[in-house]
Amino acid sequence: MEYNHKDIETRWQQYWRDNNTYKCIERPDRKKFYVLDMFPYPSGAGLHVGHPLGYIASDIYARYKRQQGFNVLHPMGYDAYGLPAEQYAIQTGQHPEKTTNDNIARYRSQLDKIGFSFDWSREVRTCDPEYYRWTQWAFMQMFDHYYDLDADKALPVAHLVDHFSQHGTEGIRPAGSEELSFSADDWNAWDEKKQREILMNYRIAYQGESMVNWCPALGTVLANDEVSEGLSVRGGHPVEQKVMTQWILRVSAYAQRLLDDLSLVDWSDSLKETQRNWIGRSEGAEMRFAVKDSDIELEIFTTRADTVFGVTFMVLAPESEYVAQVTTPEQKEAVATYLDEVRHKTERERQIDKKVSGVFTGSYAINPLSGKEIPIYVSDYVLAGYGTGAIMAVPAHDSRDYAFARHFNLPVIPLIEGADVSEESFDAKEGVMTNSAGPELNLNGLQVKEAIARAKEFIERKGIGRVKVNYRLRDAIFSRQRYWGEPFPVYYKDDTPYLLDESQLPLHLPEVQSYLPTADGQPPLGNVADWKTPEGYRLELCTMPGFAGSSAYYLRYMDPHNDKALVSPEANAYWQDVDLYVGGAEHATGHLIYSRFWNKFLYDLGLVVRPEPFKKLVNQGMIQGRTSFVYRIKDTNTFVSHGLRKDYDTTPIRVDISLVHNDILDTEAFRRWRPDFADAEFILEDGRYICGYAVEKMSKSMFNVVNPDDIVERYGADTLRLYEMFLGPVEQSKPWDTNGIDGVNRFLRKLVALFSKCDQADRRDMTPEERKIVHKLIKKVTQDIENFSFNTSVAAFMIAVNDLSALKSDSTVALETITRLIAPFAPHLAEEFWHQLGHDGSVADAEWPQWDESALTEATVKYPVSFNGKVRFVIEAPADADRDAVSEQALADPAAAKWLDGKTPKKVIVVPGKIVNIVI
RNA sequence: GCCCGAAUGGCGGAAUCGGUAGACGCGUCGGUCUCAAACACCGAUGGAGCAAUCCGUGCCGGUUCGACCCCGGCUUCGGGUACCA
C-alpha cells in the first residue's frame with residue numbers, strides 16, 4: 001500500500017461528513033465528557049500553524065475519551081464581534097458582518113483540512129441574533145439583581161425594593177457603589193426616577209460615573225485587561241483616564257468567591273497565581289484621621305496598622321473629593337494648578353514620568369495614636385480607585401512615601417529596630433517595633449505581625465476605624481462606544497434607563513450609514529434615525545464589549561438551538577461543566593475572570609448546576625515564527641552563506657521561509673522571488689547556501705508565517721498533527737521549525753509499510769515479544785494522554801514501529817491494536833487501516849485497548865549499586881511479581897557476581913515494584 | 001521593583017516516584033543501492049582518551065549510599081504585573 005495522504009484524507013473527511021460521525025447527542029446511558037477550545041476571533045489573516053496547536057491537543061484528548069466510551073461534547077464556534085472588523089469597516093466601508101463571515105468561511109475550510117472531530121451542528125457565532133439574544137438576556141438578569149452580602153449571592157432587585165419600602169436600608173447589606181442610609185419613609189416619599197437612581201447603586205449591571213480608560217484613537221473606552229502599559233492591547237494606541245457614565249458589571253462583589261473557588265479547579269499554579277494577583281485581596285484596616293480645626297475626617301486604608309506612629313503626613317489622590325474640602329484659601333491656587341497639570345497627563349505619561357510631584361493643601365490632620373499634627377498633601381502617586389483614595393504616609397517603611405518625604409523634606413521616623421532609613425525605606429514586614437508608644441497603646445518590642453494584630457484590635461475597640469478587606473479587582477466597564485457589538489436591551493424614559501421586555505429580544509443590531517462616531521461625538525448607533533422603541537423612546541447607543549459574548553458560550557454549546565432558554569435545565573444537568581478547557585494564557589485576567597463571574601451569577605439564579613465553569617484548564621504555548629536570513633555583502637548583490645559571513649561586511653535580509661528548507665536556501669527560487677535579486681550571486685559553503693535564523697513573532701512582514709494548508713498539502717494532516725505534538729510539550733512556547741517534519745512523515749510511511757505486510761487471513765495472536773512491544777505502547781500512550789504529554793507518546797509510537805519492523809512482525813492483531821491507539825493522533829490513516837481490516841463503523845468508535853501488565857512482567861536487572869555493606873539492585877519488575885523469583889534472578893545476574901565478590905548475601909530485601917536490597 | 005516559570009549534546013526535547021542522564025526526532029559522519037543525484041535502508045554520533053577510564057544537566061554550597069530532580073545562596077533568560085498603601 002502506498003501512502004497517498006491526499007487520497008486518504010479527502011476520502012475519510014468526506015466519509016465523516018456523510019455519516020455525521022462527530023455529531024453528538026445527549027445520551028443518559030453514557031458518562032459525559034466536555035472538551036472545549038477557546039473559540040477563535042476570525043481575523044483576516046487566517047490561521048497560521050500556531051493556532052491549531054491547542055486544537056490538535058484537545059482533539060486527541062476528545063477522541064481518546066470517546067474511544068474509552070464517554071459521550072464527548074467537542075464543539076467549535078467563533079468569537080465574531082470585535083474591534084479589528086470594525087476598524088477594517090471604517091477603512092474600507094465594507095460591512096463588518098460581511099468580512100466576518102468571509103473570515104469564518106476561510107477558518108472553517110482551514111480547520112476542516114486538519115481532521116478535527118468537532119460537532120459543527122452546535123457551532124455558535126457571537127454576532128448571530130439567535131446567540132446574542134442570550135447575551136442581552138443575561139445583561140437584563142444582571143440589571144434585575146443585586147448582590148446580597150448576607151446571603152452571599154445575587155438576589156432579585158424586587159426583594160430590595162420590598163425591603164426598602166418597609167425598613168429602608170436598615171437590616172439589609174446589599175453590595176453598592178456607595179454606602180447609603182435612608183428610612184422606609186424616605187424611600188416611599190421618593191418618585192420613581194429617584195428610586196431608580198438609588199437602585200442603580202445596587203444593580204449587578206449598573207450605570208455609573210467612573211474613571212475609565214478612554215482610547216481616543218479607537219474612540220471607545222476599554223476594560224483594564226484591554227490595556228497594557230498605558231496602551232490599548234488592540235492596536236497599541238495611547239489610553240487616557242476620563243470620567244464617563246458607563247454600564248458596569250459589579251464583578252467586585254464576587255471577588256472573594258472568585259478567589260476561594262480557585263481551590264475547586266484543576267488549573268496550573270501559575271494561572272491560579274495570576275488570577276489571585278489580579279483579584280488582589282489585601283487585609284488591612286480602614287481608619288479615620290480627624291482634620292485639625294474642622295469636623296472633617298479623612299478615611300484611609302492601610303495594611304500596616306502597626307506603623308501609625310510613623311505617619312508624618314497624609315496624601316490624597318487628585319480626584320479625591322476630600323481635596324476640595326481640606327484645601328485652605330491660601331493654598332487654593334497652588335492646588336488648582338497641580339490638579340490641572342495632572343489632568344492633562346495620560347496614564348502612560350504618568351507611568352513613564354515617575355518624578356515625585358504633589359502639593360500641600362494647607363490643612364493638618366491629627367494622628368489618632370500619637371496626637372501629633374501632620375500635613376495633608378495631594379499627589380498623583382495615590383490612586384483614586386483603590387481603597388479610599390487617601391493614605392497615611394509612613395516614609396520610613398514605604399518606598400513611595402519615602403521618595404515623597406525626601407522631596408518635600410518631611411520627617412522620617414523609623415519604627416523597626418535596626419532599620420537604616422538614611423538612604424531608603426525599610427519595606428519588609430519583619431522585625432521588632434520601636435518608637436511606637438503613645439498614651440494608650442504601646443507596640444514597642446513586638447514583632448511586626450503581632451503589632452499589626454494589636455493595632456487593628458485597638459483601632460476597632462476605640463472606634464477610630466475597622467478591619468477591612470480590599471480587592472484590586474474592579475468592576476468591569478461594560479459599554480463600548482462602537483458599532484460592531486451587541487446592542488443593549490435598554491431604552492431611556494425621562495433620562496432614566498429601563499429594560500426592554502424579554503419578548504422584544506433579540507434587539508437586532510441595525511444597519512448604519514457610517515461606522516464613525518456622529519458629528520456631536522455620539523457612538524455610531526447615533527447615526528441611526530429610528531433607533532427607538534416602538535413607543536418612541538430612544539435606545540442605548542453603546543454596544544457591549546467583546547467579553548460579553550464570550551463569557552457564557554460554553555453553556556450555549558450544551559443546547560445551541562434552544563429558543564426558550566440560554567440552556568435548558570436538562571441539557572445543563574447532563575453536560576454540567578467543561579471537563580477540559582484548552583486555550584492561550586493571554587486570557588488569564590480577562591475572559592477567565594469574566595466567564596467565572598458570569599457563571600457564578602447564573603449559578604446564584606439557579607440556572608446552572610456548577611459554581612465553576614472550567615474543571616481542568618491547559619494553556620497551550622505560542623508558536624513563534626522562525627525567520628530566515630540571508631546576508632548581503634554591503635553595496636553588492638552578492639550573498640554570503642551564514643557560516644562565512646564573518647569574513648565580510650554584510651546586511652542581514654529576511655527571506656521568505658517558503659524559499660528555505662532545512663536552513664538551505666533555494667537560490668534559484670530566491671532569484672525569482674524579487675526583481676532586485678534576479679541577478680544575485682552567492683558565496684556558498686559546502687556547495688550550499690545556509691541561512692541564519694531568529695525567533696520572532698509570526699507575522700506577514702517578517703516573511704515567517706507558515707500556513708497549515710501548505711503543510712497539509714505537502715505532508716498531509718496526519719503528519720501535521722503528529723508533528724505539532726512532537727515539537728515539545730503543549731504548554732510550552734516554541735518556534736515553528738519544519739526541520740524535523742520529514743522524520744514524522746517517515747514514521748507514518750514506515751507504519752504504512754508495516755501495515756502492508758500484515759497477514760489478514762491469518763489472525764494469529766502476537767508472540768510474547770510482540771505482545772511486550774504492543775502492551776508497553778498501550779500503557780505508555782494511555783498514561784501520556786492522561787498527562788497531556790503528547791510529544792512522548794509520539795516518540796513511543798516510533799519506538800514500537802521500529803521494534804516491530806526489526807522483528808519483521810506481520811501480526812494483524814498487533815497492527816489492529818496500534819490502529820486503535822493512533823486513531824486520536826492520525827485519524828485519517830487510522831480510519832483507512834480500520835476499514836481495510838474489515839470494520840464497518842468509524843475508528844472514532846473503536847474501543848481503546850487495555851494493557852495487560854502480565855505481558856510486561858519479565859523482570860530485568862537494570863543496574864546494581866552498593867552502600868554501607870549492602871548491594872541494592874534496581875529491578876524493572878511489576879508490583880505483583882513473585883519476590884523470591886525476582887531476588888533469585890537478581891543474584892544470578894552477572895552484574896551481581898561482581899558486587900557480591902564471591903560472598904553469600906545475608907539477607908535479600910525486595911521492595912515491591914522496583915528495588916531489591918541485598919545485604920552482604 | 002514584585003510574582004511565576006525555565007536553564008540538559010550541534011538543534012527540538014526525554015528521564016512521569018531521588019535510582020544506568022541524553023529516549024525519540026533533526027542534523028552531521030561513514031556505508032549499501034545508483035553511471036550520478038534524490039529517495040530508501042544499515043551503522044556511528046555528549047566531551048577527552050589508542051584504551052582501561054575520567055569528566056559532564058547555568059554557577060557555588062548542602063542533604064543522601066545515590067541528586068537534572070530535594071534544601072540554601074547566586075547568574076542568565078522568558079512570562080505576568082506594577083505608584084494597589
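Just so it is clear: chains get the letters A, B, ... in the order the sequence lines come, proteins before strands, and each one is counted from 1. All of these numbers come straight from a predicted model, not from anything done at the bench.
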Ring geometry between A:Y386 and A:F301 (parallel below 30°, tilted from 30 to 60°, perpendicular above 60°):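 A:F301 and A:Y386: perpendicular rings.
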
Pairs of donor and acceptor atoms involving the side chains of residues 390-398 of chain A, under 3.5 Å and at least two apart or interchain, shall be tabulated with distances.
from	atom 1	to	atom 2	distance (Å)
A:H397	ND1	A:F426	O	2.9
A:H397	NE2	A:L415	N	2.9
A:D398	OD1	A:R400	N	2.9
A:D398	OD1	A:R400	NE	3.1
A:D398	OD1	A:D401	N	3.1
A:D398	OD2	A:R400	NH2	2.6

A:D427 and A:Y402 side chains, donor-acceptor separation under 3.5 Å: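 No donor-acceptor contact under 3.5 Å links the two side chains.
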
Rounded to whole angstrom units, what separation is found between the [atom1] atom of [X] and the [atom2] atom of [N]?
X      : N      : atom1 : atom2 : answer
A:I279 : B:rU81 : CD1   : P     : 14 Å
A:D398 : B:rC2  : CG    : C1'   : 13 Å
A:D742 : B:rC39 : CG    : P     : 9 Å
A:L271 : B:rC3  : CG    : C1'   : 14 Å
A:R746 : B:rG25 : CZ    : C1'   : 9 Å

Within the 6.0 Å centroid threshold, strictly below: A:F404 and A:F313: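 Centroid distance A:F404-A:F313: below 6.0 Å, so yes.
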
Nearest to side-chain heavy atoms of A:R749, which nucleotide of B:rC83, B:rA82, B:rA40: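 The nucleotide sitting nearest to the side chain is B:rA40.
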
Closest to the A:T302 side chain, choosing from B:rG13, B:rA85, B:rG80: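 So the side chain of A:T302 is nearest to B:rA85.
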
Set of salt bridge (Lys or Arg N to Asp or Glu O under 4.0 Å) partners for A:K780, sequence neighbours left out: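 Result, salt bridge (Lys or Arg N to Asp or Glu O under 4.0 Å) vs A:K780: A:D784.
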
Pairing residues for A:E586 by the salt bridge (Lys or Arg N to Asp or Glu O under 4.0 Å) criterion, not counting sequence neighbours: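 Per chain and number, A:E586 pairs via salt bridge (Lys or Arg N to Asp or Glu O under 4.0 Å) with no residue.
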
Need one value for [X]: base, sugar-phosphate or nothing, where a base atom within 4.0 Å counts as base even if backbone is also close, heavy atoms only.
X      : value
A:I391 : base
A:K272 : nothing
A:P735 : nothing

Nearest-Å distance once atom P is located in both B:rG58 and B:rA52: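 So the two P atoms sit 27 Å from each other.
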
Other residues, nucleotides, ligands: >12 heavy atoms within 6.0 Å of A:E786 CD: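 Count over threshold, so yes.
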
Side-chain donor/acceptor contact of A:N787 with base of B:rU16 under 3.5 Å: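 Indeed there is one.
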
Check: A:R474 side chain, B:rC84 base, donor-acceptor under 3.5 Å: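 Yes, a donor-acceptor pair under 3.5 Å.
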
Nucleotide forming a Watson-Crick or wobble pair with [N], both distances under 3.5 Å:
N      : answer
B:rA6  : B:rU76
B:rC69 : none
B:rC50 : none
B:rC24 : B:rG12

N or O in side chain of A:Y386 less than 4.0 angstrom from B:rA85 OP1/OP2: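 Yes, such a contact exists.
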
B:rA85 OP1/OP2 closer than 4.0 Å to side-chain N/O of A:S282: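 A:S282 to B:rA85 OP1/OP2: side-chain N or O found under 4.0 Å.
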
A:H591: partners by side-chain hydrogen bond (donor to acceptor under 3.5 Å, both in side chains), with sequence neighbours left out: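 With neighbours one apart ignored, the set is A:Y581.
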
With the criterion being N/O to N/O and under 3.5 Å, what pairs connect the protein with nucleotides 6-8 of chain B, and how long is each?
none

Non-hydrogen atoms of A:M287 and A:P368 that approach each other most closely: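 What the structure gives for the nearest pair is CE-CG, 3.7 Å.
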
Minimal non-hydrogen separation, A:V251 against A:D475, with atom names: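 Closest heavy-atom pair between A:V251 and A:D475: N-OD1, 3.3 Å.
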
Of residues 791-802 of chain A, the positions that come close to RNA chain B - non-hydrogen atoms, cut-off under 4.0 Å: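 Those residues are A:N791, A:T792, A:A795, A:M798, A:I799, A:N802.
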
